Amino acid sequence: PVIVVCHDISPADSFHLAEAKLLGIVTELGGTTSHSSILARAMNIPAVVGIQNATMRISDDQQIILDGNLGEVIAEPDDETIKSKLDKKDRYNFYKSELSKLADHDCVLSDGKPVDIAANLDFITELELINKLKIPAIGLIRTEFLFLIEESFPDEDEQFQLYTKILKEINNKPITIRTWDVGGDKPTFAFPELADEINPALGLRAIRVCLKHQDIFRTQVKAILRASKRGTIRLMLPMITRIDEVIKAKKIIEEERIGLKIKPGSIEVGCMIETPASAFIIEDFLDLIDFISIGSNDLIQYALAVDRLNEHVADLFAPFHPAILKMLEKIVVSANRMNKSVSICGELAADPIMQMFLLGIGDITFSMSPNHVLQTKSILKKVDRAVCKKIAFKFMTKHSYEENNQYVQQLREQYMDLY
Ligand code: PEP
Ligand code: MG
């Protein structure tokens, strides 16, 4: 087994890497929410991303230590460092074995209040863990990761088979299938106009691709609608910025539903809230759709103008920036008031301090990599709703990112598990 040191891993590479028994991954590109990090997390492989010139600085067969928790890569470590890192590894393994005892427990606060959790699915192999941990739902299926879409898109039957297989393997628990979120950092060569975009994150991406190339969208919608006869499926639209995108997408879904003679109301339609535009007019979206899910990875990227892939600005990617917290508050409060289900499915959904903040604001589901579920159960059982409310209040009354950051550090010291 080896540690792979590379420039970047693409969704297609990770398909193959998932098979190899890797000890770790180091990439030159990326930040904590880039696809390489998300995929490494889904594969449960320790990873450090954004190490500039790593492929030049580390040579083949060199001994290195990778500490994914600290984001550290140490080349040619001395004996003392090796010993202290091995001790840390033992403590971490012990911590994980302790956590595994929580597999059968529900996720509850210390006052017994249940916390809604769901899984993100990036690899089909994660279904096993979702079952093992008894996670009650899948809150985000990144369909663009499940198929090799670099060259072409799968046909309706291939998709139908996979969606029904997912339902079957998790015993018909509810699933949320996100329609193609291609473009941006998830490349496909199927559409030549994507090849030479100067600014792909602001380019032809996700719903924009689907409304332009409606054939791939209609095929996917048909496969999802057909699969919905076998279980509870919610269909989620990514990267929405405008009301008319939802209206157009819903019209297509309705046309395909009628064509397939599927009962009205057999599928809920929702959208990702991952642009500041959609957060500002959240009530208008809530009028139109059945549910929303906050894509915090993109919401932060677009709100703070920080490329989530760019390691040079990774330290500016600030989830606890007051502007982000205000947006999150507005989204959750509006959804709760209008009685629509709201979840968060970006990487922030697994951050215990963010979870406490959001639980203090209102009712929300946390959809995360299954690998984070046990830690969530272990930390959230230390607080009750009143504590979360106090935490949320404190955050909302601070004005600078620095103040918020200090408070985050304080809460991490207080509540995070040490090992
Ligand atoms: C997000 O943006 O937070 C999200 C869940 O979508 P993705 O990471 O796939 O862009
Ligand atoms: Mg997104």
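Just so it is clear, the structure is predicted and the values come from calculations on it, not from any experiment. Counting starts at 1 for both ligands and their atoms, following the listed order. Quick note: numbers below take in every heavy atom, side chains included, and nothing from hydrogens, waters or symmetry partners.
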Assess the side chains of Gln410 and Tyr415: does a donor N or O sit below 3.5 Å from an acceptor N or O?
no
Arg308 heavy atom under 4.0 Å from ligand 1:
yes
Just checking, any donor-acceptor pair under 3.5 angstrom between side chains of Glu28 and Thr55?
yes
Heavy-atom contact under 4.0 Å between Gln301 and ligand 1?
no
Look only at interatomic distance and state if Arg142 has a nitrogen or oxygen under 3.5 Å from any nitrogen or oxygen of ligand 1.
yes
Before giving the answer on salt bridge (charged side-chain N to carboxylate O under 4.0 Å, His left out), spell out for Asp290 and Lys250 the whole-Å C-alpha distance, their side-chain angles and the decisive distance to 0.1 Å.
CA-CA 11 Å; Asp290 300 310; Lys250 280 187 71 170; 5.9 Å; no
Taking a cutoff of less than 4.0 Å between a non-hydrogen atom of the residue and any ligand atom, is Lys186 in contact with ligand 1?
yes
Ignoring hydrogens and angles, state whether a donor on the side chain of Asn297 or Tyr302 is under 3.5 Å from an acceptor on the partner side chain.
no
Who's the nearest protein heavy-atom neighbour of atom 6 (O) of ligand 1, and how far?
Arg178 NH1, 2.9 Å
Check step by step if salt bridge (charged side-chain N to carboxylate O under 4.0 Å, His left out) holds for Lys165 and Glu169.
CA-CA 6 Å; Lys165 177 183 152 91; Glu169 290 203 7; 3.2 Å; yes
Numbering as shown, the atoms of ligand 1 that approach Met272 to under 4.0 Å (heavy-atom distance):
4 (C), 5 (C), 6 (O)
Which ligand 1 atoms are under 4.0 Å away from a heavy-atom of Cys345?
5 (C)
Partner of Asp181 by salt bridge (Lys or Arg N to Asp or Glu O under 4.0 Å), out of Arg205, Arg208, Arg142
Arg205
Which N, O or S atom of Glu274 lies nearest to the Mg ion (ligand 2), by name:
OE1
Ligand 1 to Arg205, heavy atom cutoff 4.0 Å, flagged ligand atoms 10 (O)
Tyr401 ring center near Phe320 ring center (under 6.0 Å)
no
His35 versus Glu144, side-chain donor and acceptor atoms under 3.5 Å
no
In ligand 1, which numbered atoms sit nearer than 4.0 Å to a non-hydrogen atom of Glu274?
1 (C), 2 (O), 4 (C), 6 (O)
Mark the output for Met368 as yes if a heavy-atom distance to ligand 1 is under 4.0 Å, and as no if none is.
no
Would you kindly specify which portion of Met236 sits under 4.0 Å from ligand 1, judged on non-hydrogen atoms: side chain, backbone, both or neither?
neither
Contact between ligand 1 and Asn120 is defined here as a heavy atom of the residue under 4.0 Å from a ligand atom; is it met?
no
Looking at Gly295, which atoms of ligand 1 are within less than 4.0 Å of one of its heavy atoms?
1 (C), 2 (O), 3 (O)
Atom CG of Asn404 and atom CD1 of Ile353: how far apart are they, to the nearest 0.5 Å?
12.5 Å
Atoms in ligand 1 flagged as close to Asp181, the criterion being non-hydrogen separation under 4.0 Å
9 (O), 10 (O)
Just one of Lys222, Lys248, Arg218 clears the salt bridge (Lys or Arg N to Asp or Glu O under 4.0 Å) bar with Glu255, so which one?
Arg218
For Ile38, the ligand 1 atoms whose distance to one of its heavy atoms is below 4.0 Å:
8 (O)
Between Glu403 and Tyr407, does any side-chain donor sit less than 3.5 Å from a side-chain acceptor?
no
Nearest non-hydrogen protein atom, atom 3 (O) of ligand 1
Asn297 N, 2.8 Å
Of all the N, O or S atoms in Asp298, the one nearest to the Mg ion (ligand 2) is OD2
Is there a heavy atom of His35 sitting under 4.0 angstrom from any atom of ligand 1?
no
Under a 4.5 Å cut-off applied to non-hydrogen side-chain atoms, are Gln214 and Val209 in contact?
no
